[in-house]
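Working notes, structure below.
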2 protein chains.
Amino acid sequence: MKNEDEPKDKRLKGGDVQKLTMAEVAKYVGVSAMTVSRAFRQDASVSEETRKRIMEAVDALGYVLDLSAGSLSSRRSGFIAALVPSINNSNFSDTARGITDALEDTGLQLLLGYTDYSAEKEEKLIEAMLRRRPEGIILTGGSHTARARRMLDKAGIPVVETWEIPEEPINHVVGFSNGEAMSLLVRTLASQGYRRFGYIGGTTARDTRGSQRRSGFLKTVEELGLGPGRAISFGVPPITMEQGGQAIVSLLERWPDTEVVLCVSDLSAFGAIMECKRRGMSVPGDIAIAGFGDYEISSICHPSITTINVDCYGIGRQAAARLLDALQGSGEATGDEITLTGYRVVLRESTDRGAS
Amino acid sequence: MKNEDEPKDKRLKGGDVQKLTMAEVAKYVGVSAMTVSRAFRQDASVSEETRKRIMEAVDALGYVLDLSAGSLSSRRSGFIAALVPSINNSNFSDTARGITDALEDTGLQLLLGYTDYSAEKEEKLIEAMLRRRPEGIILTGGSHTARARRMLDKAGIPVVETWEIPEEPINHVVGFSNGEAMSLLVRTLASQGYRRFGYIGGTTARDTRGSQRRSGFLKTVEELGLGPGRAISFGVPPITMEQGGQAIVSLLERWPDTEVVLCVSDLSAFGAIMECKRRGMSVPGDIAIAGFGDYEISSICHPSITTINVDCYGIGRQAAARLLDALQGSGEATGDEITLTGYRVVLRESTDRGAS
DNA sequence: TCTAAAATTGTTATCGATACCATTCTGCCT
DNA sequence: AGGCAGAATGGTATCGATAACAATTTTAGA
C-alpha cells in the first residue's frame with residue numbers, strides 16, 4: 001500500500017523477472033498446461049518423449065515449479081512440521097536430522113520451529129505451522145496448552161509426540177520414559193556401591209523431560225533406601241556447561257560428602273567435571289559424575305563421562321516413519337500407537353570406582 | 001490415485017474436519033470474506049468492533065488462517081529460505097537461531113535446509129526452496145554450482161551469502177575472511193614465540209571455509225619465514241572430535257617437534273587435546289593447541305582452548321536484517337553490499353607459554 | 001482387420017484467500 | 001445545507017497449479 005510508485009517489476013539483478021508460469025512452458029512446447037504439470041510428477045502418465053521435450057523447455061526457460069499454487073489445488077501442502085525445544089542442543093538437532101533424512105525422497109519438506117522450552121511459544125508456533133496446512137506434525141514432549149491441543153485436534157492431521165511418554169497422548173508417540181531411564185542409571189551406580197547420590201538439573205517448570213528425570217532420580221533413590229536424594233536446581237533449561245559447574249559447587253557446599261552426582265544432561269555433567277578439576281578435585285576419585293544424553297563430548301573428554309545413550313536420531317526417523325505410515329495407510333491404521341525407543345547406560349571413566 | 005475408496009473425509013480423531021474457510025467465518029459473523037481477511041492483518045482498515053466480533057467467531061469455530069491460499073493471491077509466500085552446511089554444528093545452529101530471532105514479528109517464516117557441505121545437495125535444496133517462492137534466501141559460503149547461480153539469478157529475490165567473503169558475490173554478503181582470521185591467529189601465536197606450526201583440518205574439497213582457513217595458515221606461516229607449514233587433512237568435513245584426536249597422532253608422528261597445532265575448529269582441537277592427555281602429553285606444556293569458532297566447550301574445558309571467536313549469532317541476525325532491508329526499501333537500496341562481521345583471537349590455557 | 005482396453009493428452013472448474021475497485025456511511029468544514 | 005474527505009465494507013476477478021472428467025490416440029488381442 002505504501003511506496004508503490006514503480007510498476008510491478010521490482011527486482012535487483014538483471015535476470016528475467018520470475019514471471020514464468022506453467023502455461024507459458026506449455027505453449028512453448030506445444031502441449032497443454034496439464035501435461036506439463038503431469039511431467040513434473042513421477043507416476044503421471046506422460047509419454048517419455050513428451051516429458052523429455054517438456055523438461056528441456058523447463059531447463060531452457062529456467063522455469064521453477066510453483067508449489068504454493070499446486071498445494072492449493074491439490075490440497076496437499078507437502079509440509080511436515082516439527083517443533084523442538086532448541087536447535088542448539090545436539091540431541092534435538094540429531095532428531096531433526098533424523099526427520100529430515102526420513103523425509104528424503106518423499107516429496108515432503110520439513111518446517112522446523114524452536115519452542116525455547118516454552119508451552120506458550122509452542123502454542124504460537126503450532127498455530128503458525130497449521131496456517132501452512134502441514135500434512136503431519138511432530139512435537140517434542142507431551143505438555144501442551146489447552147488451545148494447542150484443541151488446534152491440533154481440529155487440524156485432523158497425524159500428530160507424533162516424541163522424546164517422552166505423555167500421560168494422555170494426542171495421537172502417536174515415539175519416545176521413552178525419561179524417569180525410568182534415570183532410574184536405571186541410579187540402580188546401576190548403586191549396584192556398584194555408590195550410596196550418597198546428588199542430582200543437578202535446571203528449574204523444572206518448563207522442561208518436562210528434565211523434571212521427569214529428576215523425579216525418576218528421587219523416586220529411585222528413595223526406593224533403594226538411600227535417604228532423601230540431594231537435588232538442586234540451577235538456571236532455566238537448557239542448563240549450560242557453565243551452570244553445571246556452578247551447580248556442583250553449591251551442591252558440594254550443601255552436602256560435602258556426596259559420592260556421585262547425576263546431571264540432567266551431559267553438558268552440565270561436563271561443566272561440573274571441569275569445575276571439579278579446576279578446584280583440584282579428582283573425578284571419579286573424589287567424586288563421581290554422570291550425565292544424560294551421550295553427547296559426542298562424553299566419549300572424548302577426559303575422564304570420559306558415564307551417561308545414558310538415547311537414540312536421538314532414531315527418534316526423529318521413527319517419528320517421521322509413523323507419520324508417513326499414517327499418511328499412507330490412512331484406512332487400516334490401528335490408530336494411536338506408542339513406539340518405545342531404546343536407551344542404555346554407558347559406563348565410562350567418570351564413575352569408575354577402581355580409578356584414582 | 002490408489003486406495004481411494006472412502007469419500008474424502010479421512011481423518012483420525014473425532015474433531016471436526018478441517019474444512020472451515022474464511023467465507024464460512026464471514027457468513028457466521030455476517031460480513032464478507034474480505035472483511036475477515038482484513039481483520040487478520042494489522043494495517044487493514046476494519047472497525048475495532050467488527051474485528052472483535054470476527055475474532056470471537058474465529059475462536060469459537062476454531063478457524064485457522066490458510067496462508068497457502070493467501071500467498072498465492074498476494075504473491076507473497078511469507079517464507080525466507082536459509083541453507084546451512086549442518087545443523088548439528090553449533091556454530092551454524094547459532095546462525096540459524098539469529099535468523100529466526102531477527103524474523104520474529106515480521107510475519108516471515110524460516111525454511112531451513114542442510115546441505116551437508118555439498119554443492120550438489122545445495123543445488124537441489126535451492127530448487128526445492130525456490131519452488132516455495134521464498135521472498136529471500138540466505139546461503140552459507142560463496143561456492144555454488146552454475147545451475148544454482150542461474151536459478152538464484154532468475155528468482156529475482158535478494159540473496160545473502162554468509163560466513164565468508166565470496167570472490168564473486170551474488171548479491172549481499174554478511175561474513176568475514178576465514179583466511180585472515182586464521183592468519184591473525186598464527187601471527188598472534190608467533191608473536192608469543194611459537195615457531196613450528198602444525199595444522200589439522202578436513203579434506204578440503206567440500207568445506208570452503210575450512211580450505212580458506214588452511215590456506216590462510218599456510219600463507220602466513222610462509223610469510224613469517226617459519227618454513228613450510230605442517231598441515232594434514234583428516235576425514236571429510238565436518239571433522240569430528242574423534243578425528244581431531246586421530247589427526248594429531250599422525251601429525252606428531254610425521255613432525256614430532258611441532259610446537260603448536262591450529263585446528264580447523266574447536267571440536268577437532270578438543271579431540272586433539274584429549275588424545276594428547278590420554279597419551280600422557282601435557283597441553284600446553286608439551287604441545288600447544290588452538291581451535292576456531294569459540295564453541296562453548298572451549299571456555300569450559302581444561303585446559304581451556306585458545307580460539308577465534310566468531311559472531312555466529314550476529315551473522316544470522318545481520319543476514320536476516322540485510323534481507324529485510326532489501327525487501328522493504330527495494331527502491332533506494334544501494335544494491336549489493338558486503339557486511340563484515342567481527343572476529344577476535346581468544347587466548348586461553350591451551351597455548352599459554354607460561355603454563356606447565 | 002476390427003474392437004476393446006490402455007495410454008496419452010486436453011478442457012474446465014476449482015482450491016481459498018487477497019488485490020482492486022466500487023459503494024456506503026460518517027462527520028466536519030465552509 | 002451542501003459537499004467532500006476518509007473510514008468501513010462489499011463484489012468480483014485472479015493468483016498458478018491440479019482434480020476430475022472428456023477426448024483422442026495407441027496398443028493388444030481375437
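Chain letters run A, B, ... following the sequence lines, proteins first, then strands; residues in each count from 1.
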Check the angle between the aromatic planes of Tyr117(A) and Phe92(A) and answer parallel, tilted or perpendicular using the 30° and 60° thresholds. perpendicular

Nearest whole angstrom, please: distance from the [atom2] of [N] to the [atom1] of [X].
X	N	atom1	atom2	value
Lys27(A)	dT9(C)	NZ	C1'	19 Å
Arg51(A)	dA7(C)	CZ	P	14 Å
Met34(A)	dA7(C)	CE	C1'	15 Å
Leu67(A)	dC15(D)	CG	P	19 Å
Arg131(A)	dG16(C)	CZ	P	17 Å
Arg76(A)	dA17(D)	CZ	P	18 Å
Glu49(A)	dT25(D)	CD	C1'	14 Å
Asp66(B)	dC15(D)	CG	C1'	14 Å

Phosphate-side-chain proximity, [X] and [N], N/O vs OP1/OP2 below 4.0 Å:
X	N	answer
Ser74(B)	dT18(C)	no
Arg41(B)	dA19(C)	yes
Ser47(B)	dT9(D)	yes
Ser68(A)	dA17(D)	no
Ser73(A)	dG16(D)	no

Side chains of Thr145(B) and Glu123(B): is there a donor and an acceptor less than 3.5 Å apart?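 A donor-acceptor contact under 3.5 Å links the two side chains.
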
State whether a side-chain donor-acceptor pair under 3.5 Å links Thr35(B) with Ser32(B).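 Side chains of Thr35(B) and Ser32(B): pair found under 3.5 Å.
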
Polar side-chain atom of Thr95(A) near backbone of Tyr313(A) as donor-acceptor pair, under 3.5 Å: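 Checked: no pair found.
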
Where the side chain of [X] is defined as all heavy atoms beyond and including C-beta, which of [options] is the nearest nucleotide?
X	options	result
Leu72(B)	dA17(C), dA17(D), dG16(D)	dG16(D)
Leu65(B)	dG10(D), dA17(C), dA20(D)	dA17(C)
Met22(A)	dT18(D), dT9(C), dT9(D)	dT18(D)

Considering every strand and a 4.0 Å limit on heavy-atom distances, what is the contact class for [X]: base, sugar-phosphate, or nothing?
X	answer
Thr35(B)	sugar-phosphate
Thr21(A)	sugar-phosphate
Ser71(B)	nothing
Val36(B)	nothing
Ser32(A)	base

Donor-acceptor pair under 3.5 Å, Arg75(B) side chain vs dG16(D) base: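 There is none.
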
Measure distances between side-chain N and O atoms of Arg38(B) and base N and O atoms of dG10(D), and say whether any donor-acceptor pair falls under 3.5 Å.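 Side chain to base: pair found, below 3.5 Å.
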
Passing option when Glu127(B) is tested against Arg132(B), Lys121(B), Arg147(B) for salt bridge (Lys or Arg N to Asp or Glu O under 4.0 Å): Arg147(B)

Would Arg131(B) and Phe40(A) count as a cation-pi pair here, with the cationic atom under 6.0 angstrom from the ring centre and within 45° of the axis?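 Output no; distance or angle outside limits.
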
